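As the structure lists them, so they are numbered: ligands from 1, and atoms in each ligand from 1. Starting from 1, each residue takes its place in the sequence as its number. Since the structure is predicted, the reported quantities are computational estimates derived from the model, not experimental observations.
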Amino acid sequence: MIKTVATTPFTDQKMGTAGLRRKSKIVMQPNYIENFVQSIFNVIGDLSNKTILLGGDGRFYNDIAIQKIIKMAAANGLKKLVVAKDGFISTPAGSVVIRKYQLSGGFILSASHNPGGENGDFGLKYSNESGGQVPTSVSDKIQQETLKITEYKICDCEDIDVSRLGNFKLENMEIEVIDGVKDYVEMMQQIFDFAALQKLAASGFSMRFDAMNAVTGPYAKEIFEKLIGFKDGSVVNFIPKPDFGGLHPDPNLVYAKELVDFMFSDKAADFGAANDGDGDRNMILGKGFFVTPNDSLAILTDNYKLIPYYAKGIYGVAKSAATSTAVARVAKAHNIGYYEVPTGWKYFVNLMDSNRITFCGEESFGTGSSHIREKDGIWAVLFWLSIIAATGKSVEQITTEHWQKYGRSYYIRFDFEGVDTAVADKLMADLEAKLPSLGGKTYGDFTVKEAKPFVYNDPVDGSTTKNGLVIYFTDGSRIVYRLSGTGSSGATIRVYLERLQTKDVLQNPLDMVSPLGKIALDVAEIPERTGKHKADVIT
Ligand code: VG1
Ligand code: CO
């Protein structure tokens with residue numbers, strides 16, 4: 001039943017910040033996914049002793065891609081494929097499964113927070129045995145392979161029923177269909193004190209979790225309602241839909257509007273949270289209160305002793321360069337290691353594998369720890385609920401007390417979307433050339449201390465990555481510029497603004513950073529070059 005199909009390369013199969021992401025219609029072209037998957041198999045080499053995980057966030061084309069990959073894996077002589085039931089698994093649960101069963105790696109079909117559907121995006125993330133996405137050295141090899149591919153192997157056979165748990169066989173390959181929820185739930189029970197969380201729920205404390213019609217619905221129902229006991233209806237939009245019900249499953253103030261409106265209304269619950277399409281991002285809200293992911297990382301780290309799994313002590317912490325320096329101050333106070341990496345979770349993996357860090361996070365609503373090698377949306381929510389259960393304080397109280405103790409990094413991100421790629425590339429190149437001349441310049445209240453590209457030297461594998469341009473000011477403020485690496489068309493220019501205040505911690509963030517925003521636009525000539533005088537998304 002194995003057939004070899006002749007093919008020609010696609011020239012656009014380079015992985016970005018997190019896997020390959022393209023418009024669904026591009027991925028649906030004949031041979032597109034086959035070429036990419038075969039290229040990965042070619043790079044892995046001998047598959048006869050390997051077991052790989054396969055699952056996805058359930059978005060449009062998930063089912064079709066799953067069947068293609070099953071048939072290709074069998075045709076390529078893989079020993080065993082572990083398939084998530086119905087093809088559904090969240091990115092963090094995938095990492096749990098790979099690590100728990102010591103698999104060789106995994107394919108997670110997801111374009112994460114990007115919209116889904118026939119007119120949305122599709123994607124594929126490829127992880128190795130660490131349970132984290134492969135480093136750039138490997139993704140570069142895969143890309144080389146995609147450029148010279150001439151054929152792929154696939155079984156010419158019926159679809160495999162992945163709606164039932166159990167073991168099957170296709171050619172010589174074993175297939176095991178597993179429950180993507182069970183192992184994840186067990187891991188969370190090992191980390192957190194569920195009895196304390198049950199007490200919190202029983203006390204009348206209310207929560208709302210918005211799964212945004214994406215993959216975390218079943219996980220959240222099981223954990224928050226069934227196991228912890230928050231009342232029925234606490235988890236909303238919990239049925240995963242191929243197009244996320246038209247939602248843009250990115251948990252932030254703009255796209256999780258329904259939850260934000262609820263939490264800022266007089267009917268608000270005590271606690272609110274949302275996850276993204278594949279369950280690795282989180283947004284945390286209190287009653288009429290929003291916690292930035294930057295502050296969330298700092299607050300979780302500061303409270304590690306309240307969580308059984310971490311209470312004995314933690315290694316260091318890491319953040320992406322674009323993320324605010326809030327966690328740096330916590331690391332200093334606790335006298336633990338502190339690392340700054342390029343944007344993308346894969347850069348944390350080596351630091352976790354080498355026991356340099358326990359916690360890490362990104363400004364883009366990603367928080368996580370070394371329990372796995374991906375960021376983890378539900379984990380962050382459970383961590384927050386645990387802090388609340390242990391302290392009896394509200395989200396707002398916890399956060400404002402944190403600012404009073406450590407100072408506050410006011411933080412806002414501007415996204416300029418749909419910019420012509422050539423315009424964006426030139427803007428970044430010209431800005432980079434200009435950086436050395438900015439040193440010492442004064443703009444209103446702000447004086448530039450230094451301006452340079454962000455360059456990361458990985459202490460574990462020695463690789464060097466350059467990503468983003470940074471302007472540092474003498475008062476601790478920063479402006480970071482980067483181009484997004486997860487979009488599926490055109491360019492998105494991201495501008496990250498941070499302003500540190502040690503005393504004045506209760507102001508409006510946008511007001512506080514807007515002078516920096518003006519400097520950022522002027523210095524990079526964003527309006528002149530893009531025609532945009534205002535960011536498309538402000539988060
Ligand atoms: C964005 C975020 C980045 C995150 C990445 C993947 O990348 O900025 O912090 O790691 O998405 O998130 P970019 O290159 O567009 O800025 V998701 O939830 O895959 O997994
Ligand atoms: Co995601």
Return the protein residues near ligand 1 (heavy atom under 4.0 Å from any of its atoms), ordered by chain and residue number.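 Residues Thr17, Ala18, Arg21, Ser112, His113, Lys125, Asp276, Asp280, Arg281, Thr343, Gly344, Glu362, Glu363, Ser364, Lys375, Arg482, Ser484, Gly485, Thr486, Arg494 each place a heavy atom under 4.0 Å from ligand 1, listed by chain and number.
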Lys/Arg-Asp/Glu bridge criterion (N-O < 4.0 Å) met for [X], [Y]:
X	Y	result
Lys141	Glu145	no
Asp243	Arg59	no
Arg494	Asp415	yes

Should the ring pair Phe192 and Trp379 be called parallel, tilted or perpendicular, given that the plane angle runs from 0 to 90° and is split at 30 and 60?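 Rings of Phe192 and Trp379: tilted, 30 to 60°.
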Describe, in one word, how the ring planes of Phe290 and Phe365 are oriented to each other, choosing from parallel (under 30°), tilted (30 to 60°) and perpendicular (over 60°).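 Answer is tilted, since the angle falls between 30° and 60°.
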Would the number of heavy atoms belonging to other residues, nucleotides or ligands and lying under 6.0 Å from NZ of Lys221 be above 12?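 For Lys221, atom NZ is crowded (more than 12 foreign heavy atoms under 6.0 Å).
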Quick check on Lys434: does its NZ atom have over 12 non-hydrogen neighbours (other residues, nucleotides or ligands) under 6.0 Å away?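 Yes, enclosed.
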For Phe454 and Tyr481, I'd like to know if the aromatic rings sit close, meaning centre-to-centre distance below 6.0 Å.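 For Phe454 and Tyr481, the ring centres are not under 6.0 Å apart.
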Under-2.8 Å neighbours of the Co ion (ligand 2), protein N/O/S atoms only: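 Of the protein's nitrogen, oxygen and sulfur atoms, 4 lie under 2.8 Å from the Co ion (ligand 2).
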Scan side-chain atoms only and decide if Asp376 and His371 contain a donor-acceptor pair under the 3.5 Å cut-off.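 A pair is found: one side chain offers a donor N or O, the other an acceptor, under 3.5 Å apart.
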